[in-house]
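Here is the naming used below: chain letters follow the sequence lines, and residue numbers restart at 1 for every chain.
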Amino acid sequence: MKKSIYMDYAATTFVRQEVLDEILPYFKDYYSNPSSLYSFAEDSKKAIKLARQRVASVINSKEEEIYFTSGGSESDNWAIKGIAFANKDKGNHIITSQIEHHAVLNAAKFLEKNGFTVTYLPVDSDGFIKLEDLRNAITDKTILVSIMFANNEIGTIEPISEIGKLCKEKGVYFHTDAVQVVGHLPIDVESMNIDLLSMSGHKFYGPKGVGVLYVKKGVKIENLIHGGAQEKGKRASTENVPGIVGLGKAIEIAQSEQNFEIKRLTALRDKLIDGILNKVSNTKLNGPTGNLRLPNNVNISFLGVEGETLLFDLDDAGVFVSTGSACASGSLEPSHVLLSIGLSHELAHGSIRLTLGLNTTEEDVDYVLEILPKIIEKRRAMSPIWSE
Amino acid sequence: MKKSIYMDYAATTFVRQEVLDEILPYFKDYYSNPSSLYSFAEDSKKAIKLARQRVASVINSKEEEIYFTSGGSESDNWAIKGIAFANKDKGNHIITSQIEHHAVLNAAKFLEKNGFTVTYLPVDSDGFIKLEDLRNAITDKTILVSIMFANNEIGTIEPISEIGKLCKEKGVYFHTDAVQVVGHLPIDVESMNIDLLSMSGHKFYGPKGVGVLYVKKGVKIENLIHGGAQEKGKRASTENVPGIVGLGKAIEIAQSEQNFEIKRLTALRDKLIDGILNKVSNTKLNGPTGNLRLPNNVNISFLGVEGETLLFDLDDAGVFVSTGSACASGSLEPSHVLLSIGLSHELAHGSIRLTLGLNTTEEDVDYVLEILPKIIEKRRAMSPIWSE
Amino acid sequence: MYSEKVMDHFRNPRNVGIISDADGIGEVGNPRCGDIMKVYIKVKDNIIEDVKYETYGCASAIASSSIASELIKGKTLEEAWKITNKAVAEALDGLPPIKMHCSVLAEEAIHKAINDYRKSHNLELWEERTHAEVIKEHQCNN
Amino acid sequence: MYSEKVMDHFRNPRNVGIISDADGIGEVGNPRCGDIMKVYIKVKDNIIEDVKYETYGCASAIASSSIASELIKGKTLEEAWKITNKAVAEALDGLPPIKMHCSVLAEEAIHKAINDYRKSHNLELWEERTHAEVIKEHQCNN
Ligand SMILES: Cc1ncc(COP(=O)(O)O)c(C=O)c1O
Ligand SMILES: Cc1ncc(COP(=O)(O)O)c(C=O)c1O
Ligand code: FES
Ligand code: FES
């Protein structure tokens, strides 16, 4: 039988069976609009409340600080534009990093076109921002700092607690894009001094098209989606009840197995990294090692081979990965993240990302370690920029 | 057995079985991120393409003019703010009506706080805007006209073709909120000269949390949700594949039964309207009669009784309706729509909306006609503002 | 959304009606706002012997007037005066925040009825509270 | 995303390698841009007797060089010169719009190789097209 090994869990995950079971009745049976007053709407109202409680308990927030959105991108856009528009009387300066997801970067660029100035902090060769840079960047015009919790391409976990503390000291709102972290690592918005946090259901075995923005009580934020009074008037639109239910169930299960999965995936990750680096010459691990790397993230550059080539060769062998460089790209520009950590264009073009998850086994890792070196060899053999 | 008669189809609909069947495989089997390059992503890519084709064929647009969103509210916000931000060099004036959904009205209010001016056209006693008013309101600063296709509270169908023609003549973009219309009445964006059109899946037996904004080719629009390159770079976020698949299937089925349902529902609607007006004194039908009213909408005011009271009494009798006035309201302000058509506050407070749909039968209508007069009688008997 | 107690009093409001020879009548609310409460009391020996009311308004307004009528029946005027909107809401096992003002209506209607009685008996009027509750706006609109 | 033909040539690229005594060599692309194509031709009696290439780049770049090598093998230099990027793409049953530039690389590499041959034989150089394709940006980033 042809192999089918999914190693792109950072791109999206399947919806797990327990989650799907909990979702299903809300399509046809408890289908009411939760804003309705009649008794039939009680079920959908309660379902949303339960989901909100589950999310709040996992990140240690209050229930009423949880707002459901349509995904990580909306949450990021809302946080950044919502803070900007609501606080423009206080200042027009925003700080973020060069390695943010495009949802953050492009929201920031939109604001630059509309009267705001944005500082994009550089990162070091492992992808970490420097606290000193952040401290120096904050001015009396700064209203928001948005630094991702962990990077989606190279797995770098930023010093969130320290950033939170600094922002608190300076009286500046702190938003973090935790899309790659929620469900996978412990988060405590209280002790970490996080004011706003984005998550996305489909990154932790929940459904696509549903996310959360946590907004600390008292934070002044303008709507992104104006309209009805849903979500206490802060995010309009008839609630996506099945999606919200699914996200709530998924985060609860993820939390319950988190410690176990962190250990299991870290071991698999390190076996995969070490295996590749040992078996293939002229490679480079992108991002840090150890505890400051996401437990499921492997990102490696191969000199003399282009990433998309590897992706398709692995696909032929039944392994699904993504390129570290911008996917589906016309590929003149490689990943902004890889360039920001100082990779040459060549190395940046030659990277792939393998991200592990629930169904990943040691056999899967062994299989990749068996086939990948052969693939590299084949492609390097025909590469004009490779000579051994 | 206790009755359970849903008459709030304008609030939301159940997901029909055929739609659910088509959605299900995309949660666990074809769960890939459609932007991924590997072969495993082909299924989800194709599914989205099919959905796009289905939507396009129903409204007579091109496939690439269909953009998936998270619902009607996002589509409305995107259309209005997106046109405003992208065309502010051309002008800062927007025209809409007083009876729009809050997604449109509150998006417009946001723009008023940010340098735009908005004209809110009045409507006549049946809820129609006057073309002359529109013509007079358009200035050389006008960049957008947004008039809903049909009103969600009183069912008034606006003169869309005429508005489209006028906007085309004047060289102004025309957006219409067709959330209550798609799937229920024929729409042709081409012949009606519509530049942007909003729809929402859960109003035609598709899932909640997914919608569409149709954007005519060549229309200059800024993103609402910035980020990745999904939806040709115009609407970021990992695609909600099950939702999109469901919307596509739902619109296709709705289209196929549309003619039949229009006739069936219109007959039930008129039976219900006539029955209530005949059996209960001192009532008023809100909105027009005949073909210019949505086939499934009934909205009636009862002097001397408050709408929420009726809602709960009907709930006790197993009938689920909504109040014409703003629901879940502290109710000092009744519906802006009912006030705009000139209702007194008293009458506006005493209205209920009954909206019919797939499962509504003639027996259901008969049952309502049997119990509603008794309910009115009971409540009027204890009303200090009622004396017969 | 509402407690069982609210729904019970809404479904079967107690003491509904009018007292044609009432000793005091209190009317509050405004049809513009969607609510009017009219309370009739019959007073004997400083005690509220009978109470009736008519209410136009939402479910919790009807429930508030119903429970309030029970709370004041048989009480002295002083006791009845002290029944606050909070007591009304508590007797209903609570009201949603946006509906607290319905209980305020009940308190005010009782106060008005008592002062109406006092006025016609040339007694000094007691000082009424001003409408204390902030009514929050809330909309939904599907 | 890619046609079967593209995937076939990507999986099993034809004529891969180098010609150590090539009569013409054309190299185009830039490792910065993630693509380099190096084409070697052996010419006899104005006919391309043999062709080999090395390619670093995406799947469609590899497929483009593979099919292009087949298209020009056995052709006269004039015939080979006339093979446009469009012909390359068509021979692959099409390329995605954002990948058209890969076929441009193939055309250019062949032109360079032919002119390299002509130069070393003191023949007049033919005029090469400038990189006509607009390369669209496109990103995804999950
Ligand atoms: C006319 C109209 N526009 C917009 C909306 C908003 O749609 P959604 O709730 O799916 O965002 C609705 C319904 O809620 C509606 O009836
Ligand atoms: C770090 C990060 N932020 C934001 C997003 C956007 O999430 P979504 O695609 O659910 O909108 C993603 C994934 O796509 C991500 O990895
Ligand atoms: S009577 Fe005003 S909300 Fe209850
Ligand atoms: S080599 Fe540049 S995209 Fe194909």
Legend entry - Option in A:T13, A:D29, A:V241 with maximal non-hydrogen atom pairs under 4.5 Å from chain B: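 So the answer, after comparing A:T13, A:D29, A:V241, is A:T13.
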Inset, instruction - Just give me the residue among A:S73, A:G211, A:A236 that pairs up with chain B most often, heavy atom to heavy atom, under 4.5 Å. - result: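 Max contact count across the listed options: A:S73.
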Legend entry - Spacing of A:K208 atom NZ and B:F27 atom CZ [to the nearest 0.5 Å]: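 With rounding to 0.5 Å, NZ (A:K208) is 9.5 Å from CZ (B:F27).
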Legend entry - Distance, nearest 0.5 Å, that separates CG of A:L37 from OG1 of B:T323: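 One gets 6.0 Å once the value is rounded to the nearest 0.5 Å.
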Atom group of [X] that falls short of 4.5 Å from chain A, counting heavy atoms:
X: B:N240; result: both
X: B:L224; result: both
X: B:I225; result: both
X: B:V321; result: backbone

Inset, instruction - Could you tell me which portion of A:E239 (side chain, backbone, both or neither) has an atom closer than 4.5 angstrom to a non-hydrogen atom of chain B? - result: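 Just its backbone gets close to chain B.
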Legend entry - Residue A:S200 versus chain B: region with a heavy atom under 4.5 Å: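 The answer is neither part of A:S200.
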Inset, instruction - Indicate yes or no: at least one non-hydrogen side-chain atom of A:D8 is less than 4.5 angstrom from one of B:Y38. - result: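 Contact flag for A:D8/B:Y38 side chains = yes.
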Inset, instruction - Could you tell me whether the side chain of B:L24 reaches within less than 4.5 Å of the side chain of A:L24, counting heavy atoms only? - result: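 SC-SC contact between A:L24 and B:L24 confirmed.
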For chain A, which of [options] has the most heavy-atom pairs under 4.5 Å?
options: B:W78, B:F40, B:Y30, B:F312; result: B:F40
options: B:L105, B:T69, B:N114, B:V210; result: B:N114
options: B:G71, B:A108, B:S39, B:G243; result: B:S39

Inset, instruction - Please name the residue in the list B:Y6, B:F320, B:Y9 that meets the ring pair (Phe, Tyr, Trp, His ring centres under 6.0 Å) test with A:Y31. - result: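 Testing A:Y31 for a ring pair (Phe, Tyr, Trp, His ring centres under 6.0 Å) against B:Y6, B:F320, B:Y9 leaves exactly one candidate, B:Y6.
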Can you name the closest pair of heavy atoms from [X] and [Y] and give their distance?
X: A:K28; Y: B:V15; answer: CG-O, 2.8 Å
X: A:S32; Y: B:T12; answer: C-CG2, 3.8 Å
X: B:S70; Y: A:S237; answer: O-OG, 4.3 Å

Inset, instruction - Could you tell me whether a side-chain N or O of A:N33 sits under 3.5 Å from a main-chain N or O of B:A11, the two making a donor and an acceptor? - result: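 Confirmed, A:N33 side chain pairs with B:A11 backbone.
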Legend entry - B:F110-A:F85 aromatic ring centre distance below 6.0 Å: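 B:F110 vs A:F85: aromatic centres under 6.0 Å.
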Inset, instruction - Applying side-chain hydrogen bond (donor to acceptor under 3.5 Å, both in side chains) between B:H226 and each of A:K109, A:H102, A:K81, report the one that passes. - result: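 Answer to the side-chain hydrogen bond (donor to acceptor under 3.5 Å, both in side chains) test with B:H226 among A:K109, A:H102, A:K81: A:K81.
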